[in-house]
Protein chains: 2
Amino acid sequence: MPTTPSIPPAAHNGIPSFPPMPDRLCRDIVDFCNKHHATCRETRFRPRNIIIEESATAHYTFLVRHGTVKLSKSMPNGRSQIVGFVGSGHILGTSSQELYMFQAEAITDVTVNRLSRTMFEDILVNAPDILSRLLDETTSQLVMIQERLLALGRKTAREKLAGFLLREATRNNGQDIHLPFSLQMSRADIADYLGLSTETVSRLMSVFHQEKMIHRSRQIIQLLAPSRLAAMSCTIL
Amino acid sequence: MPTTPSIPPAAHNGIPSFPPMPDRLCRDIVDFCNKHHATCRETRFRPRNIIIEESATAHYTFLVRHGTVKLSKSMPNGRSQIVGFVGSGHILGTSSQELYMFQAEAITDVTVNRLSRTMFEDILVNAPDILSRLLDETTSQLVMIQERLLALGRKTAREKLAGFLLREATRNNGQDIHLPFSLQMSRADIADYLGLSTETVSRLMSVFHQEKMIHRSRQIIQLLAPSRLAAMSCTIL
DNA sequence: CGGCATCTTGAAATTAGTCAACCGTCGTGG
DNA sequence: CCACGACGGTTGACTAATTTCAAGATGCCG
């Protein structure tokens, strides 16, 4: 058993944490639909199923209820950037743009509720508290994505990966940051998320392993020295 | 019409305002304040003045009325990433976080209106149309920033700079993309915006110049081959 | 057990960063 | 009015980080 001393319990550095993003808002939206005889179809997807195609016409808004969805944008030459991994409670397709500006793909089994966008807009008009909570949600996504901007623009590969592992650990285990957890995404996905190549991700995993900062077997990861990782990632844990 | 306009005719001290982001919303918020005897102080800043300090307690919300503000985040070792350049109509400090998560610095003469955050929240509660327009605004910022995520994570230096110059050109001149315009920010700012070094920005400017894609004299830039730049930046113009 | 995906590892290539010198402009003060 | 210094920008030579290309290794599923 690692010697991990007491880690500051996910203190609030201001960086919003993923785990407590329950899908209350989604549930309320579904309830609202049901109360008003509005259709709000539930759909399931298997890993690798495409939920939203980039540049398709944005007819629907999706509420993610279970599972993890990867949002990505791609470029002509096959390069792609994962904009985010989102889970239960996340709402997709709220922009007023004509087209979806990203692809959404299930990476686990996924359940979503699907609303027509016009209906979604009706709901916002008629349910001010939903509107207001959606604004909160959107604003805090904006803050988080700005953090990612800094990471992509200015952090080294080591820093990026260290930060990523920390976030995944807390996303999976909450406070118990040194419990083992399972990475739901492939190395390629991690690479596309961090703006690196899969090889670099792989190599760094090995380095961290050798440096006794993580324990690693394919998908299962355990952080052995979260505080060192935090220091390395330039994140105030 | 003159075929060789010197500097694009722009609003006040520089050239604020993204083309389709007029500050109607800000004006309406100010009007609302005035109607309700709420204080909404107007403040002016000169270039290099700090409007918001990163990690300071977020007491206020700011409405940018004139000028251009650079928003940035920084890291221990002095590295910094510019999250955005924003102009008239932009609202700063809407997050419900305790602290500001970025620095805001005037790069031209800037005028802002300053509201206490609690009052701002009151306004949102009492003026649903403002709430709704703020959500629109925030959502479209999210979409734009996702585009930047792709650029920072997956584009080469050439592609980044080409895209940047195109956006600046349209931001300044609207449709007249091949008119000369003045870059309001230093090479260092451009570098911090694109996640590059100043030297790389400088070198690429020279390359583009030699390749006859731009005409360049310090701050004044003219795009000679916007379509080639667009192709290069992998941007659908 | 075989076949295929994914992952890992190594070596070479490339991009962008760093360090350092130089240039030009602008503003200040002698 | 000119000289100087500071600052921002440009350029060059070199270095470091990451990607790319190319094999292997591992593990999963049928």
Side-chain angles (χ1 to χ4, degrees), chain A residues 46-48 70 75 77-82 105 107-108 151-165 182-211 214-221 232-234, chain B residues 46-48 70 75 77-82 105 107-108 151-165 182-211 214-221 232-234:
Chain A
R46 318 240 51 195
R48 289 165 187 281
K70 115 183 167 199
M75 295 180 48
N77 14 348
R79 287 175 284 177
S80 94
Q81 172 69 41
I82 293 180
E105 177 186 325
I107 64 174
T108 63
L152 285 176
R154 287 306 185 197
K155 289 194 179 174
T156 65
R158 282 179 76 91
E159 292 165 344
K160 287 175 179 177
L161 187 62
F164 175 77
L165 291 174
S182 159
L183 283 178
Q184 297 171 312
M185 61 292 286
S186 67
R187 298 290 189 263
D189 281 347
I190 298 174
D192 280 342
Y193 185 79
L194 299 175
L196 299 171
S197 64
T198 57
E199 292 94 331
T200 299
V201 171
S202 205
R203 270 186 258 273
L204 283 174
M205 289 280 196
S206 304
V207 171
F208 289 177
H209 186 86
Q210 282 192 311
E211 295 174 346
I214 68 174
H215 192 283
R216 156 212 65 163
S217 72
R218 277 280 166 127
Q219 311 290 37
I220 304 297
I221 301 281
M232 188 165 83
S233 75
C234 301
Chain B
R46 317 240 51 193
R48 286 164 189 281
K70 115 184 166 197
M75 295 179 51
N77 13 350
R79 286 174 283 177
S80 93
Q81 173 69 41
I82 293 180
E105 178 186 324
I107 64 174
T108 62
L152 284 177
R154 287 304 185 198
K155 289 193 179 174
T156 65
R158 283 180 76 91
E159 292 165 343
K160 288 175 178 176
L161 186 63
F164 175 78
L165 291 175
S182 160
L183 284 177
Q184 296 172 316
M185 61 292 284
S186 66
R187 298 292 189 264
D189 281 347
I190 298 174
D192 280 342
Y193 184 79
L194 298 176
L196 300 171
S197 65
T198 56
E199 292 93 331
T200 299
V201 171
S202 206
R203 269 186 258 275
L204 283 174
M205 289 278 196
S206 303
V207 171
F208 288 177
H209 185 89
Q210 282 192 309
E211 295 174 347
I214 67 174
H215 192 281
R216 155 211 67 159
S217 71
R218 278 278 168 132
Q219 311 290 40
I220 305 298
I221 302 281
M232 188 163 81
S233 75
C234 302

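Note that these values count all heavy atoms, side chains included, but never hydrogens, waters or copies made by symmetry. Everything numeric here is computed off the predicted structure, so don't read it as measured data. Proteins get letters first, then strands, A, B, ... in listed order; numbering begins at 1 in each.
Side chain of A:Leu196, nearest nucleotide from D:dT19, D:dT10, D:dG9: D:dT19. Residue A:Arg216 has its side chain nearest to C:dT8 when only C:dT8, C:dT6, D:dT11 are considered. Comparing atom distances between the A:Ser202 side chain and each of C:dT6, C:dT9, D:dT10 picks out C:dT9 as nearest.
At a cut-off of 3.5 angstrom, counting only N and O atoms as typed in the model, there is no donor on one side facing an acceptor on the other between the side-chain of A:Arg203 and the base of C:dT8. Within 3.5 Å, no donor on the side chain of A:Glu199 pairs with an acceptor on the base of C:dC7, nor the reverse.
Using a 4.5 Å heavy-atom threshold, the side chains of B:Met205 and B:Leu165 count as touching. For the pair B:Ile190/B:Leu161, a side-chain contact is recorded, criterion being any heavy-atom separation below 4.5 Å from C-beta on. Counting only heavy atoms from C-beta outward, the side chains of B:Ile82 and B:Glu105 never approach each other to under 4.5 Å.
Rounded to a whole Å, the CG atom of B:Asp192 is 14 Å from the C1' atom of D:dG8. Regarding A:His209, its NE2 atom lies at a distance of 17 Å from the P atom of C:dC7, rounded to whole Å. We find that CZ of A:Arg46 is positioned 12 Å from P of D:dC29, with the value rounded to whole Å. With rounding to whole Å, A:Arg48 atom CZ is found 13 Å from D:dC28 atom C1'. Rounded to whole angstrom, the span from the CG atom of B:Leu204 across to the P atom of C:dT15 amounts to 12 Å. Taking atom CD of A:Gln219 as the reference point, atom P of D:dG27 lies 12 Å away to the nearest angstrom. Rounded to whole Å, atom P of D:dA17 lies 19 Å from atom CG of A:Leu152. With rounding to whole Å, B:Met205 atom CE is found 12 Å from D:dT10 atom C1'.
Taking the syn range as angles within 90° of 0, the glycosidic angle of D:dA16 is outside it, so the base is anti.
If you check every strand for non-hydrogen atoms under 4.0 Å, A:Ser197 touches a base. In this structure, A:Arg79 reaches neither bases nor backbone, as no heavy-atom distance under 4.0 Å exists between it and the strands shown.
Taking CZ from B:Phe164 and CG from B:Leu204, the interatomic distance works out to 12.5 Å, rounded to the nearest 0.5 Å. Between A:Gln184 atom CD and A:Ile107 atom CD1 the span is 5.5 Å, to the nearest 0.5 Å. How far CG of A:Asp192 is from CZ of B:Arg154: 4.5 Å, rounded to the nearest 0.5 Å.
The partner of D:dT19, taking Watson-Crick or G-U wobble pairs whose two distances both stay under 3.5 Å, is C:dA12. Pair assignment for C:dG24: D:dC7, on the basis of Watson-Crick or G-U wobble contacts that are both within less than 3.5 Å.
Side-chain N/O atoms of A:Arg187 include one lying less than 4.0 angstrom from OP1 or OP2 on C:dT8.
Under a cut-off of 6.0 angstrom, the local environment of NE2 in A:His209 is crowded, with over 12 non-hydrogen atoms contributed by other residues, nucleotides or ligands.
Less than 4.0 Å separates DNA chain D from no heavy atom of any residue of residues 154-163 of chain B.
Heavy-atom distances to DNA chain D give each of A:Thr200 and A:Arg218 a nearest nucleotide, and the one nearer the 5′ end belongs to A:Thr200.
Taking all atoms of both residues into account, the shortest heavy-atom contact from B:Lys155 to B:Ser233 is NZ-O, 2.9 Å.
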